Number of protein chains: 2
Amino acid sequence: MPDDSRSAELFEQLARIGKAVASPRRIELLDLLCQGERGVEALARAAGMSVTNTSQHLQALREARLVETRREGVRIHYRLADDDVCRFFLSLRDLARSRLAEVERLLAGYLLDDGELEPIGRDELLERARRHDVVVLDVRPAEEYEAAHIAGAVSIPLGELEHRLGELPARAEIVAYCRGPFCLLAPQAVEILRERGFRARRFLDGLPEWRLAGLPVATATEGAP
Amino acid sequence: MPDDSRSAELFEQLARIGKAVASPRRIELLDLLCQGERGVEALARAAGMSVTNTSQHLQALREARLVETRREGVRIHYRLADDDVCRFFLSLRDLARSRLAEVERLLAGYLLDDGELEPIGRDELLERARRHDVVVLDVRPAEEYEAAHIAGAVSIPLGELEHRLGELPARAEIVAYCRGPFCLLAPQAVEILRERGFRARRFLDGLPEWRLAGLPVATATEGAP
DNA sequence: CCAGTATTCCAGCGATTTCTGGAATAATGG
DNA sequence: CCATTATTCCAGAAATCGCTGGAATACTGG
């Protein structure tokens, strides 16, 4: 009982989504877009690829309806079409992690993921942040912090961390977070902080997981007088 | 701050999964494998493609660690590597449905999906089946019924339905199910049954959703004396 | 050990994808 | 309306993918 052409069309449609996530470049763009809206050039810079190429990949993502655009003057901002896309991306990521031994091997290769960083989970972080028991530190680029960050978090992009250590309290425990468990920013931040004598740990997740869990998120830098 | 080569490798790994679901043929194979384990030739027959080609696609799925094999004599059975793969497949399918208008259009084109079939949900079906208030009818090929079916369901593959109507009670309501909401078997069965004067409805989901929800599943035909 | 069957390997081709660099388009600020 | 900037469109070249058909391999049952 071979399938008729009608269901073939359906599988063709599902494969549109599949094709969209079949390229490492597009995966990286999705990863960045999970952090929030961003312009073409900024995406190209963050991903280390040419603007032309970035634009092309973004078209592919748009053709699969995974992203949408918004024009602001001469600039065009891309964003995920909705939260389901982010959720799907995370489930792809988690599947890769659980199925592909190579992923775990690569993560382990960064030396710092296991117990080393004393990772802290969502619930514990929420609880302790509420009691002002820890300082939550966002080490992603400023642009991403502005787009969305954990409510109450301080922003010091990794590149500026060494110069700005003075802004951090010497006593309190610092919890650094970044894009997610596959991102290297927070681990590197923890390493730097510890070398300088701070008590630092890593947040197990990243901003997207926090946001999707419905926990408090803030945008821009409003609130600091 | 362009990403270094280490995270590039990570994205490469994620893309392995993406590439695996970038082909409509492989999507169809995954859909079939969500119903249960199956041999190469059976998969080829069900998907209407050559054995050689099927084998090749299955290799691709195995390379991405989405499927595993089991040898039984001269035959090789393929199965999903674990439930997470099935869950991922369902989330891909649901994302396609919510994001791609074409999918909804195609489903509507089958004429029969809306209120027409009076679809019944998981909880209601479970409740009514428990009270023996409905007959649950599996209209998938016998092979898939044997691999796994809703506990208590009767098997009449769609192709044999017209000849075997006598096996069904004339009074009771019949709920037909198949592979899932994208599958045409149950809708066609409902159509046939109604033409012959039966009261028939469609189950909203398919076997995979039922199984992943932890609801009772049976294998083979054991239990019928 | 041989014949038979199920599956995989392999070469080759046409189609598709990816990246690059240059040209075209769209909105802005004088 | 022109120069500027951001983005997209458009070839063209290299790499990859998907399908086919024939050969090779692996196991079974005699």
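Predicted, not measured: the structure shown is a model, and the values here were computed from it. We name chains A, B, ... by the order of the sequence lines, and we start the count at 1 in each one.
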Derivation and outcome, salt bridge (charged side-chain N to carboxylate O under 4.0 Å, His left out), residues R93(B) and D31(B): CA-CA 10 Å; R93(B) 189 196 66 183; D31(B) 187 38; 5.9 Å; no
Protein-nucleotide distance (H77(A), atom NE2; dT7(D), atom P), rounded to Å: 8 Å
Nucleotide nearest I76(B) when distance is taken to its side chain, options dT7(D), dT7(C), dC19(C): dT7(C)
Step-by-step salt bridge (charged side-chain N to carboxylate O under 4.0 Å, His left out) determination, R105(A) to E9(B): CA-CA 11 Å; R105(A) 190 175 51 72; E9(B) 283 178 65; 5.5 Å; no
Sugar-phosphate, base or nothing in reach of V74(A), heavy atoms under 4.0 Å: base
Any side-chain heavy-atom pair of S98(A) and R65(B) under 4.5 Å: no
Options dA6(C), dT18(C), dC19(C), nucleotide nearest the side-chain atoms of S23(A): dT18(C)
CA sep, side-chain torsions, deciding dist, call: D84(A), R99(B), side chain to side chain contact (heavy atoms under 4.5 Å, CB included): CA-CA 9 Å; D84(A) 287 340; R99(B) 295 300 320 154; 5.6 Å; no
For atom CG of L61(A) and atom C1' of dT17(C), their distance in whole Å: 14 Å
Nearest non-hydrogen partners of P24(A) and K19(B), listed with the distance: CD-NZ, 4.5 Å
Rounded interatomic separation in angstrom, taking CD from Q59(A) and P from dT7(D): 12 Å
Atom-pair distance (CZ on R16(B); P on dT16(D)), nearest Å: 16 Å
R25(A) side chain near dC19(C) phosphate (N/O to OP1/OP2, under 4.0 Å): yes
Protein-nucleotide distance (E63(B), atom CD; dC17(D), atom P), rounded to Å: 10 Å
Side-chain N,O (S50(A)) to OP1/OP2 (dT20(C)) below 4.0 Å: yes
Axis deviation across the helix from dC1(C)-dG30(D) to dG30(C)-dC1(D), five-pair ends, to the nearest 10°: 30°
Nucleotide nearest R26(B) (side chain, heavy atoms from C-beta), chosen from dG18(D), dA26(D), dA26(C): dG18(D)
Donor-acceptor pair, side chain of E209(B) and main chain of G206(B), under 3.5 angstrom: yes
Distance in angstrom units between R75(A) CZ and dT8(D) C1', rounded: 16 Å
Nearest-nucleotide comparison on DNA chain C, the residue closer to the 5′ end among G39(B) and K19(A): G39(B)
Rounded distance in Å - CZ (R38(A)) to C1' (dA6(D)): 16 Å
Sidechain-backbone polar pair: R71(B) side chain, G73(B) backbone, donor-acceptor under 3.5 Å: yes
Any R71(B) side-chain N or O less than 4.0 Å from OP1/OP2 of dT28(D): no
Sugar-phosphate, base or nothing in reach of T52(A), heavy atoms under 4.0 Å: base
Side-chain N or O of H57(B) closer than 4.0 Å to phosphate OP1/OP2 of dC19(D): yes
Below 4.0 Å: OP1/OP2 of dT8(C) and any side-chain N or O of Y78(B): yes
Phosphate contact (dT18(C) OP1 or OP2) by Q56(A) side-chain N/O below 4.0 Å: no
Any S55(A) side-chain N or O less than 4.0 Å from OP1/OP2 of dT7(D): no
Protein-nucleotide distance (E12(B), atom CD; dA15(D), atom C1'), rounded to Å: 13 Å
Aromatic plane relationship, F88(A) with F88(B) - under 30° parallel, 30 to 60° tilted, over 60° perpendicular: parallel
